[in-house]
Amino acid sequence: QVQLVESGGGLVQAGDSLRLSCAASGRTGSSYVMGWFRQAPGKEREFVAAIARSAGSTLYADSVKGRFTISRDNAKNTVYLQMNGLKPEDTAVYYCAAGYVIAYSSNGYLYWGRGTQVTVSS
């Protein structure tokens, strides 16, 4: 069992940056692939980024490629999402997830945090 807690969300202006953090507790370490998803009001949850256990491989949604960077610190049991050049369309609740397979689909992830709100004003 893994517990995930996101932090770092907030209200920013277009073009600003934010760094989200996801702290994992329980059965942790480098055991899991970690991912970030987001869900905007009235829309389905969508994949943002994922990182392999050893951080040797990453995956990004086309909409964030070149602007967002996922990283992890296994010693701290924490995964990060650095978001630069934020746009109003990035506004959503951002969720951290843990699983065994690096994947675009939310079905590939077993554990989920409760989310952190990111709001980008124009």
Side-chain angles (χ1 to χ4, degrees):
Q1 190 75 15
V2 176
Q3 293 78 45
L4 304 173
V5 179
E6 303 94 337
S7 62
L11 172 63
V12 297
Q13 294 186 333
D16 286 350
S17 297
L18 275 178
R19 188 177 80 157
L20 304 184
S21 299
C22 173
S25 60
R27 184 184 175 189
T28 55
S30 59
S31 301
Y32 297 97
V33 167
M34 300 298 294
W36 286 98
F37 287 75
R38 67 186 181 185
Q39 187 166 18
K43 295 187 177 181
E44 293 187 353
R45 190 170 298 188
E46 66 173 359
F47 172 81
V48 175
I51 187 166
R53 296 173 183 83
S54 64
S57 180
T58 56
L59 198 62
Y60 293 95
D62 288 343
S63 58
V64 306
K65 203 172 292 184
R67 299 188 297 124
F68 291 10
T69 302
I70 189 171
S71 61
R72 66 189 298 164
D73 184 337
N74 288 334
K76 295 182 178 180
N77 292 324
T78 301
V79 63
Y80 305 97
L81 185 68
Q82 178 66 44
M83 306 186 295
N84 298 329
L86 283 162
K87 304 175 181 181
E89 50 264 44
D90 294 318
T91 295
V93 177
Y94 282 71
Y95 297 91
C96 177
Y100 291 115
V101 179
I102 189 167
Y104 290 105
S105 172
S106 60
N107 293 333
Y109 298 85
L110 301 174
Y111 305 105
W112 293 83
R114 293 189 174 184
T116 185
Q117 176 71 46
V118 172
T119 303
V120 185
S121 64
S122 58

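We use all heavy atoms of the structure for the numbers below, so side chains are in, but hydrogens, waters and symmetry mates are not.
- Between Tyr109 and Phe37, the two ring planes are perpendicular [angle over 60°; tilted spans 30° to 60°].
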Would you tabulate the side-chain donor-acceptor contacts of residues 15-22 under 3.5 Å, counting partners in other chains and residues two or more places apart, or write 'none'?
unit_1	atom_1	unit_2	atom_2	d
Asp16	OD2	Gln13	N	3.1
Ser17	OG	Asn84	OD1	2.9

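- To the nearest 0.5 Å, the span separating OH on Tyr100 from CZ on Arg53 amounts to 8.0 Å.
- The CD atom of Gln3 sits 11.0 Å away from the CZ atom of Arg114 when rounded to the nearest 0.5 Å.
- For residues 89-112, the salt bridge (charged side-chain N to carboxylate O under 4.0 Å, His left out) pairs, not counting sequence neighbours, are Arg38-Asp90, Arg67-Asp90.
- With a 6.0 Å radius and a threshold of 12 heavy atoms from other residues, nucleotides or ligands, Lys43 has its NZ atom at or below the threshold.
- To the nearest 0.5 angstrom, Ser25 atom OG is 9.5 Å from Gln1 atom CD.
- Taking every heavy atom of both residues into account, Ala24 and Leu4 meet most closely at CB-CD2, 3.6 Å.
- Between Tyr32 and Tyr111, the ring-plane angle classifies as perpendicular under the 30° and 60° cut-offs.
- The closest donor-acceptor contact from the side chain of Glu6 to the backbone of Thr116 lies at 3.5 Å or more, if one exists at all.
- The two residues Lys76 and Thr78 have their closest heavy-atom pair at O-OG1, 2.9 Å.
- Linking Ile, Leu, Val, Met, Phe, Trp and Tyr residues whenever their side-chain heavy atoms come within less than 4.5 Å places Met34 and Leu110 in a single cluster.
- Here OH of Tyr80 is found 10.5 Å from CH2 of Trp36. Values are rounded to the nearest 0.5 Å.
- The heavy-atom pair separating Asn74 from Arg72 by the smallest distance is OD1-NE, 2.7 Å.
- Taking every heavy atom of both residues into account, Ser122 and Pro88 meet most closely at CB-CG, 3.8 Å.
- Summarising the geometry, atom OH belonging to Tyr104 is positioned 6.0 Å from atom CZ belonging to Phe47; distances are rounded to the nearest 0.5 Å.
- Of all heavy-atom pairs spanning Leu81 and Ala49, the tightest one is CD1-CB, 4.2 Å.
- Thr119 places no side-chain N or O within 3.5 Å of a backbone atom of Thr91 that could act as its donor or acceptor partner.
- Val101 and Val79 fall within the same hydrophobic cluster, where Ile, Leu, Val, Met, Phe, Trp and Tyr residues are linked whenever their side-chain heavy atoms come under 4.5 Å apart, directly or through other members.
- The two residues Gly113 and Tyr95 have their closest heavy-atom pair at O-CD2, 3.5 Å.
- Using a 4.5 Å cut-off between side-chain heavy atoms of Ile, Leu, Val, Met, Phe, Trp and Tyr, with links allowed through other members, Val118 and Val48 fall into the same hydrophobic cluster.
- Rounded to the nearest 0.5 Å, atoms CE (Met83) and CD1 (Ile70) are 11.5 Å apart.
- Annotation: salt bridge (charged side-chain N to carboxylate O under 4.0 Å, His left out) contacts involving residues 92-101, sequence neighbours excluded, are absent.
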